> 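Take this structure first; my questions come after.
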2 protein chains.
Amino acid sequence: MGASILVVEDESAIQELIALNLSQAGHESLLAADAQEALDRVRESLPDLILIDWMLPGMSGIDLVRRLRANERTQNVPIIMLTARADEVDKLMGLESGADDYITKPFSIRELNARIKAVLRRRAPQMTEDPVRFKDLLLDPGTHRVSVRGDEISLGPTEFKLLHFFMTHPERVYSRTQILDHVWGDHVFIEERTVDVHIRRLRAALEPSNTAELLQTVRGSGYRLTALP
Amino acid sequence: MGASILVVEDESAIQELIALNLSQAGHESLLAADAQEALDRVRESLPDLILIDWMLPGMSGIDLVRRLRANERTQNVPIIMLTARADEVDKLMGLESGADDYITKPFSIRELNARIKAVLRRRAPQMTEDPVRFKDLLLDPGTHRVSVRGDEISLGPTEFKLLHFFMTHPERVYSRTQILDHVWGDHVFIEERTVDVHIRRLRAALEPSNTAELLQTVRGSGYRLTALP
DNA sequence: GCATGCTGTAACATTGCCGTCACACCTTGT
DNA sequence: ACAAGGTGTGACGGCAATGTTACAGCATGC
């Protein structure tokens, strides 16, 4: 814990309420009263999460979300919307505009905390250029090599990305759809069963090093890379 | 509608006022005059919502909330605080102690009803991606694993969802129809007795860890996951 | 032009789970 | 004690999910 959270809210009462609550939960809160101030704040330092009120003076909360999503720097920062209007339409618009979650006012502090915790928890680890280690496996995106205790393993491009994804997201189960999104990229239109085939090819490549059993299938859910039996 | 609501209030005038109002709204009201009585009541049957007066003889309302939140059995029951003191501080303390909402006295019946309705609407404990604990059981949807004190339990997809449902809705009896709706999804056309079979399979899987008795049969009503003997 | 390596898809094989039934057992009321 | 309904239990056929193999297309390099 101990995340930095930007609160964009014009009503000072609610702002203080949230800020106090966040600090008690061990978070650092940054405050902004309108969209422009929020954008300025974000330019200085990137928060781990942004809470945005739907109704803001000047630029609306939704427009702010769009702006944040359009900016490469901020497009991956999770956003929670606060809205007084409980209509389904609003919810949809909020999510479509790019928010990760929304809460309708009046909301309880418990609920707010739960949402924050949930959003922060699924703050996904990114696939960077750094070498990744998992059990005996060593994967280096820079040199594009995979090895087990020094013995190199030869993988095709797709198998490499697939293993890279699993090694940066170990122990977690991912559906075929999620795997397609992360490894192939969103919006690709590929048969889900194709994932199975690549899992098989990856397993075959890992087989000689006896590390294939790390890649488990979870019937009905997807696949997972695990260190446990 | 038709929720059971526990009212913890020492002033009998207000108590009766609320009870009358609740019954007119189609709710069943349970009454308790102090914190201890409230705890006793809760032990018998779990209400859908608890109204707690801030000022109570003996243990204060806030302490009661803390006690309820500390108890595994009651930690997810929504709570609304009634308080005569309108200070922001009080609001904060009430919410931080674990209440879902608060109402300052004097309050209008209309407002009370609105709050109750709102809280009940968002009451349903959701089956999220968060790990769930219940007694010795630990279920993690993210990794799709269930364990008892470290020992993993292997479950099929349906048994997993079934256990997940019960663990997020403990201490409450669900009919076979309700279980089908929640676990299989609405509008499925499946024999109700099928639920029995899956309950049996789940029990068999829990048997080795001596946690099978947590899954109780309530003859004529359905099933329930409970910590009580 | 040919060989090579990789990919996505389809088709077939296999596994494991699911839903249902039949019957045994238990509970309740008369 | 009996009947009647509710629940436990074991077995079984079916089928959906997954494993596996084969193949055609498409780059790339020689």
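Just so you know, these numbers use all the heavy atoms, side chains as well, and skip hydrogens, waters and symmetry mates. Please read these numbers as outputs of a predicted model, since none were measured by experiment. Chain A is the first sequence line, chain B the second, and so forth, proteins listed ahead of strands; every chain is numbered from 1.
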> Grab the CZ-P distance between A/R176 and C/dT9 for me, whole Å please.
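Interatomic distance, CZ of A/R176 to P of C/dT9: 14 Å.
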> D/dG8 phosphate, OP1 or OP2: any side-chain N/O from B/T217 under 4.0 angstrom?
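Indeed, a polar side-chain atom of B/T217 lies that close.
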> Please tell me if B/R201 has a side-chain N or O lying less than 4.0 Å from either OP1 or OP2 of C/dG19.
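No, B/R201 has no side-chain N/O under 4.0 Å of OP1/OP2 on C/dG19.
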> Anything under 30° is parallel, anything over 60° is perpendicular, the rest tilted; go ahead and classify A/F160 against A/H144.
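Correct class here is parallel.
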> In whole angstrom, give the distance that lies between atom CD of A/Q216 and atom P of D/dG19.
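In whole Å, D/dG19 P and A/Q216 CD are 12 Å from each other.
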> Is the distance between the ring centroids of A/F166 and A/Y223 under 6.0 Å?
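Ring centroids of A/F166 and A/Y223 are no less than 6.0 Å from each other.
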> Quick one: which of C/dT20, D/dA17, C/dT7 gets closest to the side chain of A/H198?
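Side chain of A/H198 sits closest to C/dT7.
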> If you only use heavy atoms from C-beta on, which nucleotide in C/dC6, C/dT27, C/dT20 is closest to the side chain of B/E191?
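For B/E191, the side-chain atoms sit closest to C/dT20.
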> Write down the distance between CD1 (A/I199) and P (D/dT21), rounded to a whole number of angstrom.
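That distance rounds to 16 Å.
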> Tell me the interatomic distance from B/L162, atom CG, to C/dG19, atom C1', rounded to whole angstroms.
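So the two atoms are 14 Å apart, to the nearest Å.
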> Let me know which of A/I80, A/V42, A/I5 forms a side-chain contact (heavy atoms from CB on, under 4.5 Å) with A/I50.
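Of all the options given, the one that passes is A/V42.
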> Are any of A/Y223's side-chain N or O atoms less than 4.0 Å away from OP1 or OP2 of D/dA17?
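Answer is no, no contact under 4.0 Å.
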> Measure the distance from CD1 on B/I190 to C1' on C/dC18 and round it to the nearest whole Å.
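To the nearest whole Å, that distance equals 9 Å.
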> Test your reading of the model: is there a side-chain donor-acceptor pair from B/Q178 to the backbone of B/S175, 3.5 Å cut-off?
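Indeed, once roles are kept as given, a pair shorter than 3.5 Å links the two residues.
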> Out of D/dG10, C/dT9, D/dG19, which nucleotide sits closest to the side chain of B/V197?
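Taking heavy atoms from C-beta onward, the closest nucleotide is D/dG10.
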> So which heavy atom on A/A204 is nearest to which on A/P208, and how close?
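For A/A204 versus A/P208, the nearest heavy atoms are O-CD, 3.3 Å.
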> How long is the line joining CZ of A/R200 and C1' of C/dT14, in whole Å?
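It is 13 Å, rounded to the nearest whole Å.
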> Tell me whether the side-chain N/O atoms of B/R193 come closer than 4.0 Å to OP1 or OP2 in D/dT7.
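Checking B/R193 against D/dT7: no side-chain N or O falls below 4.0 Å of OP1 or OP2.
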> Given C/dG8, is OP1 or OP2 found less than 4.0 Å from the side-chain N or O atoms of A/W184?
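Yes, such a contact exists.
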> Between P on C/dC21 and CD on B/E192, what's the gap in Å once rounded to a whole number?
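Nearest whole value for this atom pair: 13 Å.
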> Please give, in whole Å, the distance from D/dG8 C1' to B/E207 CD?
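For the pair B/E207 CD and D/dG8 C1', the rounded distance is 13 Å.
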